[in-house]
Amino acid sequence: MTKPPATIFALLDCNNFYASCERAFNPKLRKRPIVVLSNNDGCVIARSAEAKALGIPMGAPAFKFQPLFRKHGVAVFSSNFALYGDMSRRVMDTAARFTPDMEIYSIDEAFLRLDRMHDRPLDVARRIRATIQQWTGIPVSIGIGPTKTLAKVANRVAKKHPEHGGAFSLEDHPDRDRILTDIEIEDVWGIGRQYGKKLREFGIRNALQFSRLDKDWVRKRMTVNGMHTLLELQGVPCLPLEQTVATPKSIVCSRTFAGSLTDKDKLAEIISGYAARTGERLRAQGCVAGHLQVFMLTDRFRLDRPQYSNAAVSSLVAPTSRTPDLIRAARKVLDQIFKPGYEYRKAGVMLFGIEKEQGRRLHLFEPSPEERARSKAVMETMDRINAKWGAMTMRLGAEGTGKRWVMRQAHLSPRYTTNWRELPVVRLD
DNA sequence: TCTGGGGTCCTAGGACCC
DNA sequence: TCTGGGGTCCTAGGACCC
């Protein structure tokens with residue numbers, strides 16, 4: 001009997017993705033430190049290499065770092081997810097030309113399988129990298145290993161040591177032990193702050209030490225997931241390439257407001273807007289939802305103010321993706337949980353009980369087929385218009401007519417690739 | 001004034017049933 | 001009053017990821 005050929009995983013990861021997206025359309029930003037801020041321009045969620053070198057940490061509150069930004073000429077951007085999402089698609093489409101065995105893991109990462117190809121994995125990786133750079137302007141790093149977890153490790157090495165040219169392979173690497181020794185325990189994929197702290201109490205400080213622990217000991221303390229991490233570090237694949245896109249279990253839209261809010265009608269408009277956004281995403285997945293939750297809370301950082309938070313669920317009469325149904329349910333829940341006199345700082349809408357619309361069993365209280373077809377057509381038209389002309393071009397009255405005043409976005413870049421009115425202009429002087 | 005948003009999975013323990 | 005084992009389902013909490 002011949003052994004099945006070993007799998008070879010590659011992890012492709014965009015370097016400082018959001019910062020790189022901003023830079024791709026603005027050559028003046030080359031070499032300049034860049035930070036991208038969260039919603040409301042609250043905290044730093046992405047940094048260019050230059051910004052990291054200035055010691056700006058991930059999650060840094062923007063207001064505390066203003067002086068540093070000014071002093072070093074840091075280019076500051078509000079997050080522009082329309083741009084990042086579209087750039088992500090371009091990167092992924094480019095990678096997919098090289099192999100069909102690909103799992104899009106996040107907006108800026110993909111796992112690929114590089115066995116079953118003619119050329120050496122490292123050579124393929126270098127070609128993928130160069131092509132993505134050329135076609136999209138986004139720099140990526142690629143790590144290669146016999147398991148996903150080791151591919152992650154290799155990716156770290158590729159990022160940290162530029163002398164490898166952005167691609168590094170750990171398969172059959174003679175010095176694997178030394179490399180694993182250099183990986184801090186919290187930097188292992190699947191081991192976060194809590195487990196890291198716990199492991200350090202046992203004297204486990206790096207990936208190599210962890211990989212030599214007893215399987216059952218790890219399982220008992222870190223669940224089956226921790227055991228998988230252990231085995232994967234030893235080169236035993238436990239996590240397969242997931243190529244089918246699963247139906248989401250939940251869809252959330254929530255925001256922290258730029259200021260606080262006491263007015264129930266305004267809150268109702270905002271929550272209606274969130275319900276509409278979840279509906280759009282639900283329909284984009286071809287799904288319907290059975291339950292809708294609304295939650296709201298006061299400012300958790302202002303302990304001198306009265307605190308209140310609450311959430312409640314409404315079961316929809318029949319699973320639906322129609323925006324009016326979702327808004328109606330959300331407003332009903334708001335009536336239940338709203339308490340006057342509090343300054344609300346954050347609210348959100350969550351859908352769950354999600355299933356594919358096609359082929360599902362119909363519910364007793366389902367609208368008639370004619371009614372369903374008609375409302376489906378209305379929703380589709382709305383989604384098409386908003387896709388073409390920008391989000392919220394067309395919306396329901398319940399969402400309010402005011403501007404999106406609740407969100408602060410003082411440093412927003414143009415939607416270069418997804419809006420005709422914001423295309424970049426090239427001047428040849 | 002100022003600290004994001006969106007997800008997944010696992011386990012322990014309680015309620016309930018036979 | 002004490003006495004059992006085994007199974008399922010649900011929820012809360014805790015961990016992780018980007």
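A note on names: the letters A, B, ... follow the listed sequences, proteins ahead of strands, and every chain is numbered from 1. No hydrogens, no waters, no symmetry mates; every other heavy atom, side chains included, goes into these values.
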Could you tell me whether [X] atom [atom1] has more than 12 heavy atoms of other residues or ligands within 6.0 Å of it?
X: A:Lys220; atom1: NZ; value: no
X: A:Arg97; atom1: CZ; value: no
X: A:Lys264; atom1: NZ; value: yes

Touch check for [X], heavy atoms < 4.0 angstrom, all strands: base, sugar-phosphate only, or nothing?
X: A:Lys249; answer: sugar-phosphate
X: A:Ser79; answer: nothing
X: A:Asp108; answer: sugar-phosphate
X: A:Leu37; answer: nothing
X: A:Lys197; answer: nothing
X: A:Val44; answer: nothing
X: A:Arg345; answer: sugar-phosphate
X: A:Gln66; answer: nothing
X: A:Ile107; answer: nothing
X: A:Arg281; answer: sugar-phosphate

A:Asp335 with A:Arg331: basic N within carboxylate O range, under 4.0 Å: no
Among A:Tyr105, A:Phe210, A:Tyr195, ring-ring contact (aromatic ring centres under 6.0 Å, His included) partner for A:Trp189: A:Tyr105
Centroid-centroid under 6.0 Å between A:Tyr344 and A:Phe338 rings: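 Yes - the distance between ring centres of A:Tyr344 and A:Phe338 falls below the 6.0 Å cut-off.
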Involving DNA chain C, stems made of at least three consecutive Watson-Crick or G-U pairs, both distances under 3.5 Å: B:5-18 with C:5-18
Worked check of side chain to side chain contact (heavy atoms under 4.5 Å, CB included) between A:Glu343 and A:Asp299: CA-CA 7 Å; A:Glu343 296 181 0; A:Asp299 192 336; over 6 Å; no
Close side-chain approach of A:Val349 and A:Arg277, heavy atoms under 4.5 Å: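 Contact flag for A:Val349/A:Arg277 side chains = no.
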First-last contacting nucleotides on DNA chain B - partner chain A, under 4.0 angstrom, heavy atom: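 Contacts span B:dC2 to B:dT11, reading 5' to 3'.
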Gap in Å between the two P atoms, one belonging to C:dC17 and one to B:dT3, rounded: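 Approximately 25 Å lies between the P atom of C:dC17 and that of B:dT3.
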Position toward the 5' end of DNA chain B (nearest nucleotide), A:Ser38 or A:Ile251: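 Per heavy-atom nearest nucleotide, the more 5' residue is A:Ser38.
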Given DNA chain B, 5'-ward residue of the pair A:Lys346 and A:Thr247, judged by closest heavy atom: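 Going by which nucleotide is closer to the 5' end, it is A:Lys346.
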Step-by-step salt bridge (charged side-chain N to carboxylate O under 4.0 Å, His left out) determination, A:Arg322 to A:Asp325: CA-CA 5 Å; A:Arg322 299 177 62 236; A:Asp325 294 344; 2.7 Å; yes
